[in-house]
Amino acid sequence: MNKDSYYGKFGGQYVSESLMNTLHELEAAFDEAIKDPKFIEEYMYYLKEYVGRETPLYYADRLTKAYGGAKIYLKREDLNHTGAHKINNVIGQILLAKRMGKTKVIAETGAGQHGLATATGAALFDMECTVFMGKEDVERQALNVFKMEMLGAKVQPVTTGSATLKDATNEAIRSWAEHAEDTFYIIGSAVGPHPYPKMVKEFQSIISKEAKKQILEKEGRLPDVVMACVGGGSNSIGTFADFIDEKDVRLIGVEAGGLGIETGKHASAMALGKTGILHGMRTYLLQDDDGNIQLAHSVSAGLDYPGVGPEHAYLRDSGRAEYTSVTDSEAMEAMLELCKLEGIIPAVESSHALAYVKKLAPQLGTDKIIIVCLSGRGDKDVNTVQKYLNGEEINK
Amino acid sequence: MNRIDERMQLLKEKNEKAFITYTTVDLPDYETTKKIMHAQEEAGIDLMEIGVPFSDPVADGPVVQAASYKAILNGATLEGAFKMMKEVREEGLTSPVAFMMYYNTVYYYGLEAFADKCVECGVDGLVIPDLPYEEQEELKTILEARGDKVYLIQLVSPVSADRIPMLLKDAKGFVYCVSHMGVTGGDANFHENIKAYLKSVHDISPVPACMGFGIRTADDVKPLMDVVDGAVVGSHFLKLLEESNYSTDAVIKYIKEFKEGLRH
């Protein structure tokens, strides 16, 4: 066991032998790149000039008054180019891919946000791009499929298993194992075999680096609570990253509770705490009694994943971060409230974090400060909102 | 002595190659899998890989994926696979058997309980494609504490390169040489440098080197006879089973022909 690849007992490299040298090369290239000032300069250049960073840390005055407690700051990742935090990581990984001499990139996607970000980066850097997407999701997210194709990417529908994100990830891993010699796999979440969780954290940590600087400028002190939604855990690990060593800052991850944990129809891998191995990592997973992976259920395609990044599993076990969940309808209500109170349409994923802000803020005094990551915008979710308002089923 | 060692020793004495097949449990049902196993023994198979299905078989191509999916729908479980193994051993099956499975299935069952059960039911080897060398220590330690009864089979790939000596140094039973990149199945267009790669394994391996992925007939292996000690047929064997409606006659005919082909 290579201890560097683990967070406590979580993480590792559970991949086939044919990918081991690929992972070692990737790790070496990544470690070298992040120590190279030229690489960092280029990464920061694209984040500023192309993505549009830094994103505001916005004080949500009306939301704060409505929830009646702690001051609520929104980290506006929804204002990034392509509409979510996913692009931060894609720019980093694609620059690394170029540096390694790869000419093709592949990615998995659920709702399509990571696929869209990857297709965007591939267009920008002239790389051939294939996005694996479950057939179910291809149908549910037709607009994002069309956008990816406009950007020149090939969208490969995946029909195996449940035909959703989990299976798209399986298929991306299979394709990678076959084509690793010229192909770079851009994983979108803080999951997968080492060094992916570490890499995704590094490239998403820009969220907390900015937020920390911004809150010190605005309030002259650190926040009391930092909060984000957790699917695989990329926006949350980026939002936590620079606060992990600040022991007085509470870190809270909000998972998708679907129809309720007790119904079994949810995407909260942490809730039951069953450890297992999937997609190259040891972590908490939704599993049945035979050790098969169970399907996740959530109104949010971006949180609809049966596992969680290994560092989150470790942060939970070590007690450094707290994890909770909210239901589909709680998230939808919080989404609509932010629309009406602040004129911001948040992604249904980010709305999970907002729903927990609603519960927590009143319990804290008005002198307390919460930073919540608004990981993406909700344009992609308007059909879901429509269905919700019409009383139709939104979580199948 | 482990049954795999016994068989490999015997083959070496007879100057023969090993023939290994792969089937998934409970395909098309529990009893037929047992019948197929006995038929294979009758035909002279050297080792049977028995697939214990997992919901997310990332190292497998479409044929094994479909087989795993069907088997799960048929109710296949690890517990059931153990029960079946115990029964076929009681019925007199003496051929070596290895479970092909994913690590989550082992991990979820519990490593100690899993190892005990393998010993109890007569499982001689384990092929776990998502458990690379660096992650094997925990399971290997537990298996070794039970003597040489259950071997963790090492897999080697065409891009293992400088890792090969490390992979082989404590290899047991046989070493499974993956013939091309990617997943199980595919065709017999092996990796371009296949012969050099197999030779690099064969030259230093302390145990027989058997190749798999994409093999259909003994002719596929012919050009490589001097650098391999055996061949594994998985996806093609599953197809043959399905197309013959799980006929034991078809199984016996195929295995006999393949074994015969390997002799010439």
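Everything numeric in this text was worked out from a predicted model, so none of it was measured. Labels below follow one simple rule: chain letters A, B, ... track the order of the sequence lines, proteins then strands, and each chain is numbered from 1.
- In terms of heavy-atom pairs under 4.5 Å with chain B, the best-connected choice from A/T275, A/I173, A/D167, A/T160 is A/T275.
- Proximity to chain A (any heavy atom under 4.5 Å) is shown, for B/P62, by neither the backbone nor the side chain.
- A donor-acceptor contact closer than 3.5 angstrom links the side chains of B/H202 and B/D229.
- Per-residue heavy-atom pair counts under 4.5 Å with chain A were compared for B/I128, B/D60, B/V178, and the maximum is reached by B/D60.
- Contact annotation for B/V156: only backbone heavy atoms (N, CA, C, O) come within less than 4.5 Å of a heavy atom of chain A.
- When the candidates B/L131, B/V58, B/D56, B/I72 are compared by the number of heavy-atom contacts under 4.5 Å with chain A, B/D56 comes out ahead.
- A distance of 6.0 Å or more separates the ring centres of B/Y69 and B/F54.
- With a 4.5 Å cut-off on non-hydrogen atoms, A/L19 does not touch chain B at all.
- Contacts between B/L167 and chain A at a heavy-atom distance below 4.5 Å involve the side chain alone, from C-beta outward.
- Looking at A/D288, the atoms closer than 4.5 Å to chain B (heavy atoms on both sides) all sit in the backbone: N, CA, C or O.
- Between B/F82 and B/F99, the ring center distance clears the sub-6.0 Å criterion.
- Between chain A and the options B/A59, B/G61, B/S160, heavy-atom pairs under 4.5 Å are most frequent for B/S160.
- Counted within 6.0 Å of NZ on A/K135, heavy atoms from surrounding residues, nucleotides or ligands total 12 or fewer; the atom is thus considered open.
- A donor-acceptor pair under 3.5 Å links the side-chain atoms of A/E255 to the main chain of A/M270, judged by distance alone.
- Of the atoms belonging to A/E171, it is side-chain heavy atoms, and not backbone ones, that fall under 4.5 Å from chain B.
- Because its NZ or CZ atom is not both nearer than 6.0 Å to the ring centre of A/Y14 and within 45° of the ring axis, A/R282 does not count as a cation-pi partner of that residue.
- Checked by atom type and distance alone, the side chain of B/N104 pairs as donor or acceptor with a backbone atom of A/G291 at under 3.5 Å.
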